[in-house]
2 protein chains.
Amino acid sequence: MTSAPRPASPRAARTRGVPEATVARLPVYLRALSALADEGVSTVSSEELATAAGVNSAKLRKDLSYLGSYGTRGVGYDVGYLVYQVSRELGLSQDWPVIIVGLGHLGHALANYGGFVSRGFAIRALVDADPDLVGVEVAGLEVRPIGELEQLVARHGIAIGVIATPATVAQEVCDRLVSAGVSSILNFAPTVLAVPEEVEVRKVDLSIELQILAFHEQRKVGAAHVTRELVEALPGRAAVSS
Amino acid sequence: MTSAPRPASPRAARTRGVPEATVARLPVYLRALSALADEGVSTVSSEELATAAGVNSAKLRKDLSYLGSYGTRGVGYDVGYLVYQVSRELGLSQDWPVIIVGLGHLGHALANYGGFVSRGFAIRALVDADPDLVGVEVAGLEVRPIGELEQLVARHGIAIGVIATPATVAQEVCDRLVSAGVSSILNFAPTVLAVPEEVEVRKVDLSIELQILAFHEQRKVGAAHVTRELVEALPGRAAVSS
DNA sequence: CTCACTTTGTGCCTGGGTTCACAAGCGCTT
DNA sequence: AAGCGCTTGTGAACCCAGGCACAAAGTGAG
Ligand SMILES: NC(=O)c1ccc[n+]([C@@H]2O[C@H](COP(=O)([O-])OP(=O)(O)OC[C@H]3O[C@@H](n4cnc5c(N)ncnc54)[C@H](O)[C@@H]3O)[C@@H](O)[C@H]2O)c1
Ligand SMILES: NC(=O)c1ccc[n+]([C@@H]2O[C@H](COP(=O)([O-])OP(=O)(O)OC[C@H]3O[C@@H](n4cnc5c(N)ncnc54)[C@H](O)[C@@H]3O)[C@@H](O)[C@H]2O)c1
């Protein structure tokens, strides 16, 4: 690496003009907009939409302004048009083929989930290492052996992979997905995945979410009664205050 | 709604001294530390731990410094001691009782997931509105009718609730949980939940994660070959390169 | 006891993101 | 045709977070 200037670009950097934080909110706006469209609402103000999406209205306006000037001053935004624009920006104009690796409890739930199909995604391949699972039909699709991963990815032109295997094999599965050509991965296994720079990984980690909740919960308790009732480790603690 | 001053406290504000971003990383550190402990490693440097957790070492040190000065200069951190300190900070010294509402596909997967129990949580109650599900045993626990929600929360002293119902009833379920005394909620339904300020809500939304991936994927495609080879919808696309 | 080496803890700077506040723009009414 | 009220789009200030770089502090060898 030459000591080239390379100004910044720390991690994901700026994606064209749309900040990463904005991208993460666009799907929320899209959902709120779709709901409004279903209700027959044709126009919405930033204030109303912001409330529905649970954000500050100034933030919403700024977010939308990154996509272009699609509102009308004094009036608001046209719901249908905005749905179209946000969808286009997110790349949801056509369906993205998806592969799920690992069809245990979680994989089954994901495969059966109808919410993906209606939102720009189509599950095209299911693979698992368990011989007992191979051949089983899940959500109208047959589970294929892990050995077919590469050809399935190629055949269906799959760019997005979902990992729902045990953590121990997640990196291995990830490597195979990447070398097969998958460049976006959604990881449910509790592991830090190492991938080439051009591959995008997002993780969903339920334990982490719960632990964050526990942290805040503990603070509330601690703030309430400063007398720490959290003794060492007493799981079967019956009477607390008595 | 008095026009009280209410200076700032924008959202979650600062939680005592630990920044929110740090709290979100502590579970990752904890996992890496636990793995090291299992391997019998007794001491670890910030550099090593940072690599294992996938973060910058300076960031890791700063994060840990919010908990106290638990390292030894020239040596590193004692793994066991740090596990203890991080666990304590996250409030994982004792198990938190959890209730799951909605035992469809996802609820089943969650109830059967062993990763929670080993990380400071204990699923104590399962409720669902479907009469066919009530009485069924899932992961060693009997599903109870939604009507018993309040007493189950009270009986087990539950502070953390997981919502895995359809989005249409999520707010309703949320309201019941809150009024029953639950003050932390993990929401899987694709809805923005309205809750009192003191209640902490975290959401896990798979569609949003996929849509973010789609956004980046689209950018790569657009950047690579401007000639969009993503025709409308051609599911049975057989030969690609041949 | 001193010195060299290692690693932590943190001051400081930079950059991104959020929010406020307001000018610019649009439509409706008179 | 002009004015008025409403809503967008954005400039600017503020705040949080990330990362560099280094002094402080500990260890071990000689
Ligand atoms: N179930 C949950 O609610 C939950 C919650 C949080 C995290 N997770 C994580 O999600 C992952 C899956 O969870 P689960 O409950 O479905 O586990 P599971 O054990 O039910 O399913 C894992 C599946 O992966 C398959 N598998 C194993 N090795 C494989 C390989 N090399 N290639 C392909 N498939 C392979 C297994 O055959 C099995 O079907 C785990 O990493 C778990 O930690 C699950
Ligand atoms: N399955 C997935 O992979 C997945 C992915 C993303 C999001 N989600 C979301 O998670 C939620 C659950 O998904 P699922 O696939 O398990 O759905 P599901 O339909 O299989 O399960 C929903 C369960 O909730 C129960 N329920 C309905 N109304 C209830 C009420 N008022 N009180 C208590 N229980 C009630 C139903 O009886 C059913 O058992 C949905 O909101 C869905 O959008 C699921």
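Computation of the quantities below employed the complete heavy-atom set of this structure, encompassing side-chain atoms and omitting hydrogens, waters and symmetry-equivalent molecules.
When the side-chain nitrogen and oxygen atoms of A/Ser46 are compared with OP1 and OP2 of D/dT7, none of them lie within a distance under 4.0 Å. Contact annotation: A/Ser45 does not reach the phosphate of D/dT7 (side-chain N/O to OP1 or OP2, under 4.0 Å). Remark: A/Asn56 is in phosphate contact with C/dC20, judged by side-chain N or O atoms under 4.0 Å from OP1 or OP2. For A/Lys59 and C/dT19, the shortest distance from a side-chain N or O to OP1 or OP2 is below 4.0 Å. Between B/Arg25 and the phosphate of D/dG18, there is a side-chain N or O to OP1/OP2 separation shorter than 4.0 Å.
Comparing D/dA21, C/dG11, D/dT10 by their closest approach to the side chain of B/Lys62 singles out C/dG11. Closest approach to the B/Ala58 side chain among D/dC20, C/dG9, D/dG18 is made by D/dC20 (side chain taken as heavy atoms from C-beta onward).
Taking atom CG on B/Leu49 and atom P on C/dT8, their separation rounds to 9 Å, with Å as the unit. The distance from atom CD of B/Glu47 to atom P of D/dG19 is 13 Å, rounded to the nearest whole Å. Rounded to whole Å, the distance from CD on B/Glu20 to P on D/dG18 is 12 Å. Between A/Glu48 atom CD and D/dC6 atom C1' the separation is 12 Å, expressed in whole Å. Rounded to an integer number of Å, the gap from CZ of A/Arg61 to P of C/dT18 is 15 Å. Rounded to whole Å, atom P of C/dT7 lies 16 Å from atom CG of B/Leu82. Summarising the geometry, the separation between CG on B/Asp63 and P on D/dG18 is reported as 7 Å, rounded to the nearest angstrom. Atoms CD (A/Gln85) and P (D/dG9) sit 12 Å apart, rounded to a whole Å.
Counting only distance, with no hydrogens or angles, the side chain of B/Glu209 and the backbone of A/Leu186 share no donor-acceptor pair below 3.5 Å. Under the 3.5 Å distance criterion, the side-chain polar atoms of B/Ser34 are matched with a main-chain donor or acceptor of B/Leu30. Of the possible donor and acceptor atoms, none in the side chain of B/Lys62 sits under 3.5 Å from a partner among the backbone N and O of B/Ser57. No donor-acceptor pair closer than 3.5 Å links the side chain of A/Ser69 to the backbone N or O of A/Ser65.
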B/Phe188/B/Thr165 under side-chain contact (heavy atoms from CB on, under 4.5 Å): CA gap, chis, key distance, verdict
CA-CA 8 Å; B/Phe188 286 90; B/Thr165 64; over 6 Å; no
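Taking every heavy atom of residues 71-79 of chain B and every atom of DNA chain C, pairs under 4.0 Å involve B/Gly71, B/Thr72, B/Arg73, B/Gly74, B/Val75, B/Gly76, B/Tyr77, by number.
Aromatic pair B/Tyr81/B/Tyr70: centroids less than 6.0 angstrom apart.
Side chains of A/Glu217 and B/Ser183: a donor-acceptor N/O pair is present below 3.5 angstrom, by distance only.
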